[in-house]
Amino acid sequence: MTQPNTLTLAAARDALQKGDVTSVELTEACLKAAGEAVALNAYAHMTPDIALERARAADARRGDGAPALNGLPLGIKDLFCTEGVPSQAASRILDGFRPAYESTVTQKLRDAGAVMLGKLNMDEFAMGSSNETSVYGKVVNPWRGEGETAELTPGGSSGGSAAAVAADLCLAATGTDTGGSIRQPAALTGTTGLKPTYGRCSRWGIVAFASSLDQAGPMTKDVRDAAILLQAMAGHDPMDSTSADIPVPDFEAALTGDIRGKVIGIPREYRMDGMPEEIETLWTRGREMLQDAGAEIRDITLPHTKYALPTYYVIAPAEASSNLARYDGVRFGHRASLGQGDGVTEMYEKTRAEGFGDEVKRRVMVGTYVLSAGFYDAYYNRARKVRTLIKRDFETVFADGVDAILTPTTPSAAFALGAMAEADPVQMYLNDVFTVTVNLAGLPGISVPAGTDRKGLPLGLQLIGRPWEEGDLLNTAYALERAAGFVSKPARWW
Amino acid sequence: MSIDTETARKVAKLARIAVPEEELPALAQEFNAILGFVEQLGEVDVDGVEPMTGVTPMRLCRRDDVVTTGGMPDKILSNAPDAREGFFAVPKVVE
């Protein structure tokens, strides 16, 4: 019999409805798998008591009229505030913080009957692309190169979410994406990750990194599950002033697999110098698969693409420096022990020096610099203007009739943990080169596993959609998924 | 634009992050790598381009100016590193 923890949300939902499995069985299977996967370090805090309590409640309300995710066990990224449960954005500065409230997204999941298994590891404050900046320690990718034992990164910042989904330590997980933090780890772990349109999911109760870019989304085993989980996460919330007050369509119903006549754009600027041949080949294959499914392929241009990463590395640190100003050792989290005569300024400075990791400090200070008097116009305002141009590039191609844009998700497969330790920070930033444009333009984007490299490691293709058209985007992704037929799972070594 | 140790010290101070003196030169170097990378934005013609304020065109919604929540000082203080008599406690601010 199939292990219950290996099921998709859709399969588990059906099995629950038929009575073939109970939520308690699903939950226990996930908890057991997670307990045996300590080597992956995907979970930062397990919540077995809460999980089993909610699973029993779900089993009690089974049947007609049960909510959409009734009894389905999920992992929750540590960035989401969860009532009474540690929520520390993988940072020392939030050590001991137990929110008195629940984020809107996780509340919606609770209301939909989902079971929370625990909090998933991530890069500190979602700043990183390799899950090495976490106070809980690095997450290890369940995938290894064929015949190799080197530990690989699961990507970041939602690396714990991606690893947990890939290794069947949950049925699905929540992630957040500021520059690629859902899509890049999904690509590196052979899973599916969707960043919705900015404003589709409420940001309330999610620890803020860069508020104009942050967006929560589903990380799942396939495209159908992404539709199911997004459905439960999305919707207007008066607590987030940037949350869109527009109807949420039925995403799963959009999955017809019929993409005949759809126009798929291939942006020439995403063909980078030095791009590995395997990525190039995968991209070409993706293009052929969509063509075979009846889509029209069109070469397009997004001329400001090369300026996306530098724009991001002004805007995101600027917003982070403002958002992270709240960590002052007064209202929550860590406070440094003070010396004789230390005043409130020393308290701030010591607390933040002890509480923040190196990458977070670096970004807060870069943000402080680009916002400081004399540099605000040269850096921050200029970056905001370039951002307008980047968004305009997309608006132009969509106005010309393009329905979705196909690109690689990442410039490479999973790399070794520690490989970037000696590199300058910019080298790590280059991981987000294909994903960051989507955040700057506020668009929906999805990564679908579409092949493997010569070592057998998964590679993803990204589809970028029109604003608010996640349904159409998911359907194109569904067609791509069916054509690619990616079914590999990591061989268990942990 | 090159950041020297003195600028790094000033930025750390503005950000309220204590950085030991001996780490300032390395920090300045990292700033230079990052700012060198973003320097290419200078090539872009942004004449007449509006800086983006919101990525999705929407009017921020308003609500009635009334109290909607509150009356939970215990919950508010429950995560404070130092709370006394219903207040957040900090080192002496006023001499």
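First the proteins, then the strands, lettered A, B, ... as listed; each starts at 1.
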Discussion item. Counting only non-hydrogen atoms closer than 4.5 Å, does B:Leu77 touch chain A with its backbone (N, CA, C, O), its side chain (CB onward), both, or neither?
Written reply: neither

Worksheet item: Side-chain contact, heavy-atom cut-off 4.5 Å: B:Val90 with A:Arg335?
Response: yes

Fill in: A:Tyr429 portion near chain B, given a 4.5 angstrom heavy-atom threshold
side chain

Discussion item. Quick check on the interface: out of A:Met347, A:Lys391, A:Arg392, who has the most heavy-atom pairs with chain B under 4.5 Å?
Written reply: A:Lys391

Worksheet item: Which bit of B:Phe37 comes within less than 4.5 Å of chain A, counting heavy atoms only: side chain, backbone, both or neither?
Response: both

Worksheet item: Are B:Glu43 and A:Lys306 within salt-bridge range, i.e. N to O under 4.0 Å?
Response: yes

Worksheet item: When rounded to the nearest 0.5 angstrom, what distance separates OH in A:Tyr369 from CG in B:Leu35?
Response: 6.0 Å

Worksheet item: Are any side-chain N or O atoms of B:Asn79 and backbone N or O atoms of A:Arg331, one a donor and one an acceptor, separated by less than 3.5 Å?
Response: no

Fill in: Top contributor to chain A interface from B:Pro20, B:Ala8, B:Gly42 [non-hydrogen pairs under 4.5 Å]
B:Gly42

Worksheet entry | Heavy-atom contact with chain B under 4.5 Å, split by part of A:Ala325 | neither

Fill in: Salt-bridge criterion met for A:Glu349 and B:Lys13 (N-O under 4.0 Å)
yes

Fill in: B:Thr7 versus chain A, the contacting section by heavy-atom distance below 4.5 Å
side chain

Worksheet, complete the sentence: Most contact-rich option vs chain B, by heavy-atom pairs under 4.5 angstrom, among A:Phe97, A:Tyr307, A:Phe332, is A:Tyr307

Discussion item. Donor-acceptor check, side chain of B:Arg16 to backbone of A:Tyr348, threshold 3.5 angstrom: yes or no?
Written reply: no

Worksheet item: Counting distance only, does the side-chain N/O of A:Arg382 pair as donor-acceptor with the main-chain N or O of B:Leu41 below 3.5 Å?
Response: yes

Worksheet entry | Region of A:Ala441 in contact with chain B, defined by heavy-atom distances below 4.5 Å | backbone

Fill in: Over 12 non-hydrogen atoms of neighbours within 6.0 angstrom of CD in B:Gln40
yes

Worksheet, complete the sentence: Most heavy-atom pairs under 4.5 Å with chain A, out of B:Gly54, B:Ala83, B:Ala15, belong to B:Ala15

Worksheet item: Between A:Leu324, A:Thr311, A:Leu338, A:Asp358, which shows the greatest number of heavy-atom pairs under 4.5 Å with chain B?
Response: A:Thr311

Worksheet, complete the sentence: Closest heavy-atom pair, A:Val426 versus B:Ile34, reported as atoms and distance to 0.1 Å, is CG2-CA, 4.1 Å

Discussion item. Could you check whether atom CZ of B:Phe87 has more than 12 heavy atoms from other residues, nucleotides or ligands sitting under 6.0 Å from it?
Written reply: no

Worksheet, complete the sentence: Shortest non-hydrogen pair, A:Ala244 vs B:Met58, comes out as CA-CE, 4.1 Å

Worksheet item: Which atoms form the tightest heavy-atom contact between B:Phe31 and A:Met365, and what is the distance?
Response: CZ-CB, 3.4 Å

Worksheet, complete the sentence: Cut-off 4.5 Å, heavy atoms of chain B, and the answer for A:Asp328 is neither

Item to complete: For chain B, find which of A:Pro310, A:Gly367, A:Pro425, A:Gly333 contributes the most heavy-atom pairs closer than 4.5 angstrom.
Response: A:Pro310

Worksheet entry | Sub-4.5 Å side-chain heavy-atom contact between A:Leu389 and B:Val46 | yes

Item to complete: Heavy atoms only, distances under 4.5 angstrom: which of B:Ala80, B:Ala89, B:Pro81 has the most pairs with chain A? Name it, please.
Response: B:Pro81

Worksheet item: So how far is it from B:Thr69 OG1 to A:Tyr101 OH, rounded to the nearest 0.5 Å?
Response: 12.5 Å

Worksheet entry | From CA spacing to verdict: side chain to side chain contact (heavy atoms under 4.5 Å, CB included), A:Met239, B:Thr68 | CA-CA 11 Å; A:Met239 299 294 277; B:Thr68 55; over 6 Å; no

Worksheet item: Side chain, backbone, both or neither: which part of A:Phe356 has a heavy atom under 4.5 Å from chain B?
Response: side chain

Discussion item. Using a 3.5 Å distance criterion without hydrogens, assess whether the side chain of A:Thr388 forms a donor-acceptor pair with backbone atoms of B:Met52.
Written reply: yes

Item to complete: Working to the nearest 0.5 Å, report the span between CD of B:Glu30 and NZ of A:Lys361.
Response: 11.0 Å

Discussion item. If we ignore hydrogens and angles and just use 3.5 Å, is the side chain of A:Thr368 paired with the main-chain N or O of B:Leu14 as donor and acceptor?
Written reply: no

Worksheet item: Is atom CD of B:Glu22 surrounded by more than 12 heavy atoms (other residues, nucleotides or ligands) closer than 6.0 Å?
Response: yes

